[in-house]
Structures are given as structure tokens and as C-alpha cells.
Student: 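Below you will find the structure I want to go over with you.
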Amino acid sequence: VDDLRRLVEDGLRNSSDEILDNEEVLSSNRLLEALNLLLSIELDATETHPPLDG
Amino acid sequence: MASADLLAELTASDAAAMVRDGHVSAQELVEASLTRIRASDNEWGAWACVDSERAVTAARFVDRARARGESLGAFAGIPLGVKDVIDVAGLPTKAGFEPFASRTPTEDAAVVAALKREGAIVVGKTVTAQLAFADPPPTVNPWDASRSPGGSSSGSGVAVAARHVPMALATQTGGSTLRPAAFTGCVGFKPTYGLVPMDGILPLAWSLDHVGVIARTVKDCRLFLCSVGVPPAGISSAGRRQVRLGVMSAAMSAADDEVRVAVREALERLQRAGAILTEVTVPMSMEVMRAIHLTVMQSEAAAAHLHLFARHPESYDPKMRALVKVGRVIPAALYLHARRLQARARLQLAEAAKEVDALVLPTATSLPPPRETTGASWFQAIFSLSGFPSVSLPFGLSKDGLPNALQLAAATDRDDHLLTVAEWCGQVLGGLPSPVA
């Protein structure tokens, strides 16, 4: 989970030279907030399967 | 011949009945619609393009069919607006995106084809926020020109509110049908995920994208549902006994004070008319649902725009560009974790909806905001995430003369039942007058 968080943070940091406007900063911050919330929830292995067919 | 203004006040159901009975011709209806668009769209900016010539030709075709004694469809002669991310053969689908300026499909989207088969007449394409996301288009809210009409189906909401057309197609990935309906004082309806096919519609995020409709009455939304191939479920039990409404207390707490007070008053009116209100809580917080929705939408939008963004990065508006760029750094494991949580959210919402006829909450957190934004989507996005059918109902005006709205939702595939409940609520709460004289 920590690795996943670092991967996203690194991804955002590596694209930071391209992140020029306020909307991109806001969008990145919203993703980091979402990431922390989602990674704090542990699903049971059999609880749900991702509905890959939509 | 009735005046354009009188014809413009007809709902889609009433106008179609008048065409079938010969009280008005399809051509009169379409020409009245075109007259009103010409007279006021410079002010409102609801239309991306208008197809006068073919609309009048199609109307004459309906009138000739009637003269021959042929049976007419449910939408015979009804002028229809189509959001400019939905394909109409022969008209460009520009989506507010410059590289699509000459992207002209040769086939109708499935939903357009279905409505045309029922006699609907496309008068043009309505303005959308770029690529059906959140960058505000130049469209103006007829209730207050300084306020947003919502988005992304901004033009569809305004075209119906301004009485240009009685009905317009929309889409919803977050809140793009219900929020513009709420902010313009119209009825918005988003059917169950997948019930109306997305064929021929530009995607934003596949597992959240829905077709929706904006109209003036719930009855017209039901007619829409029938016309796209979903038969009515028969007499719903909600029409025969007291309606049970599950008030989503977390949303009530999170709404602006003015919205919460207005919705609470509307709920009290429904209660006095016989509704049974119960407080409903969902174990998953609204913040988590919002986080799931955002993660899924960012990931899928980044994939949907992978090559287009590489070719035309400079053509993207700021919010849309940010959505795509940030979505590209989300790992597959996180996206799939969000998709699993989406399934959990759906189950928890279904459990909450089980004991009631409909869940109820404000449509939006706020009244129409200033035009720098199209407003917040998270109250509507709960049901884009779950795929549940949802309706926005207008009810009266705020102290500043802006439309109030509440949202009703039911579990997957209970569309017809939801519309029955919404119709009853709409009768109790009453509609809104036209915002334009």
C-alpha cells in the first residue's frame, strides 16, 4: 500500500514540470486525498470482484 | 395557428398528443421552436448548432404520415435538443473541442435513432462543457445571467428552461444531467446504468457514463424511457399507498444552509401530503464515495483520451486537461481497488434503498453558483457511481429567485417505480413557471 502511494506521488512529482496551471495542482491534490482514503480501506479477498465488464 | 409562445409551453407528452389528434401540426411545433431559438439564443447560448432545414422537412414527413392515416409514435413532431457529445447523422459532434469541428457522423447514436423512430425531430445540438466534463461553457442561466446553468449538459438545461424545446438529451458521468436540470428549474432523469445504450456517444469514463434526459415534467421522462425500449412496469405499488422516502442524512448535513432548509421544508410538505419519511445512513461515507468516483473517472478519462490528448494537448480546456494528465499516473492496482469499492458502495446503497420507495437528498450542495464553475457534482455522482436511476425535481424558488431542487433515487432497474414516486412528489410540490417571459 505504501509502495502504491509512493508510485502515485512520484508520478505526480515527475510530471510536475508539466503541471503549470492551478487546475492541475487542484486535480493532483484531489487525487492524493482520494488515494489516502481509498488505501485506508481493506477489502476482504473475496468481498467483491471488480466488474470488469462494466 | 397558435403562437410560438403558447406552443412552447406545451410539454412533450401534451404536444405529441395534440399532433396525433390533429390539433396542431408537427411543422407548427418545429417552426415555433425555431422561432424561439432565433429570438433568444443570442442571449442564452444554449445551442451549438441548429438544423432548421432538416427539422422542418422531418416535421412535414410526420404531418404527411398523419394525413395518410398512419399511426404516429410517442414523440410525433416533438422538437428535440441533443447534447453535442451525442451523434446525430449529418450534424457535427464538436463537444466544445476544436479538433472535432468537422467530425460529422453518418449514423445516429442509438438513443437518437430510438427517439426518431418515435417521431422526435432533432432541431439541433446543445452546448456542452468541453468533452462532457466541467469547464464552464458560455451558456447563461435564464434565471440569473450571473449564475451557472450547471454542466456539462448546460445547453440542454437552458434549451428546456427557455422553452426552446420541451425535451433535450443529456449525459451524466458525475452530475451532468441532474445538476443542470436543477440549476435551470427543469426535471432531470438519469436511468439505470446501461439501460439506455451509449453507442454513438463520446465517452468520458465508461463505467460511470449514462444517457440522461432533461424535460419539464416527470411524465415526459417516463415517455422517454418507454421510447427507448423500456416498457412501463405496470401500476407501481407506490401509486397505491403512502410513499416511503429515505432521507440521506449525510447529504442533508453536507448541503449549504439555504439548500438544507429549503429541502427540509419540501420534505415536510411531502410528509403532510402522506409521505413517510425515514432517516437513512449508509456505512460508507460520502467522502469515500467521492474519492472512488474521482479515481475511477480520472483513470478512465485518461485512457479514453490517451491518443487524442497526445495529438491535441493544446486544445484541451484547463479542467479537462488536468483530469487527463493526473489520471495517467494512477496505477492499475489503485484503479481496480476503486472499482471493487464501487461495487461495495453499490451494495451498501442498495441495502439503504431496500426499505423505501426512494432515497431523497438535495440535488446539489448549493444553489446555482457564479459562472466560473458549473457547480459541485458529488451529490449527483453518488448515483453515477452506483448506477442507480435518479431524478431531479424542481420545487419553488430561493429568496434570490433561483430554482430549488431535490433528488430522488432508487435501486438498479427500479426506474419505473422511481418515476412513479417522482411524479407523485412533483404533483405535491408543483412545478416552476418559465424563467423567460
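First the proteins, then the strands, lettered A, B, ... as listed; each starts at 1.
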Student: Please round to the nearest 0.5 Å and tell me the distance separating atom OG of Ser27(A) and atom CZ of Arg321(B).
Tutor: 11.5 Å

Student: Which residue pairs satisfy the salt bridge (Lys or Arg N to Asp or Glu O under 4.0 Å) criterion with at least one member in residues 304-319 of chain B, sequence neighbours excluded?
Tutor: Glu23(A)-Lys319(B)

Student: Is Glu47(A) salt-bridged to Arg340(B), going by a charged N under 4.0 Å from an acidic O?
Tutor: no

Student: First locate atom NZ of Lys325(B), then atom CG of Leu12(A), and finally report the distance between them rounded to the nearest 0.5 Å.
Tutor: 11.0 Å

Student: Measure distances from Leu323(B) to the heavy atoms of chain A and classify the residue's part below 4.5 Å as side chain, backbone, both or neither.
Tutor: backbone

Student: Pick one of side chain, backbone, both or neither for Leu334(B), based on which atoms fall under 4.5 Å of a heavy atom in chain A.
Tutor: both

Student: Is there a side chain to side chain contact (heavy atoms under 4.5 Å, CB included) between Val329(B) and Leu31(A)? Walk through the geometry before answering.
Tutor: CA-CA 10 Å; Val329(B) 309; Leu31(A) 174 60; 4.0 Å; yes

Student: Please set out all donor-acceptor pairs under 3.5 angstrom arising from side-chain atoms of residues 34-45 of chain A, sequence neighbours excluded.
Tutor:
residue, atom, partner, partner atom, Å
Asn36(A), OD1, Arg5(A), NE, 2.9
Asn36(A), ND2, Leu32(A), O, 3.3
Ser40(A), OG, Leu37(A), O, 2.6
Asp44(A), OD2, Thr46(A), N, 3.1
Asp44(A), OD2, Thr46(A), OG1, 2.9

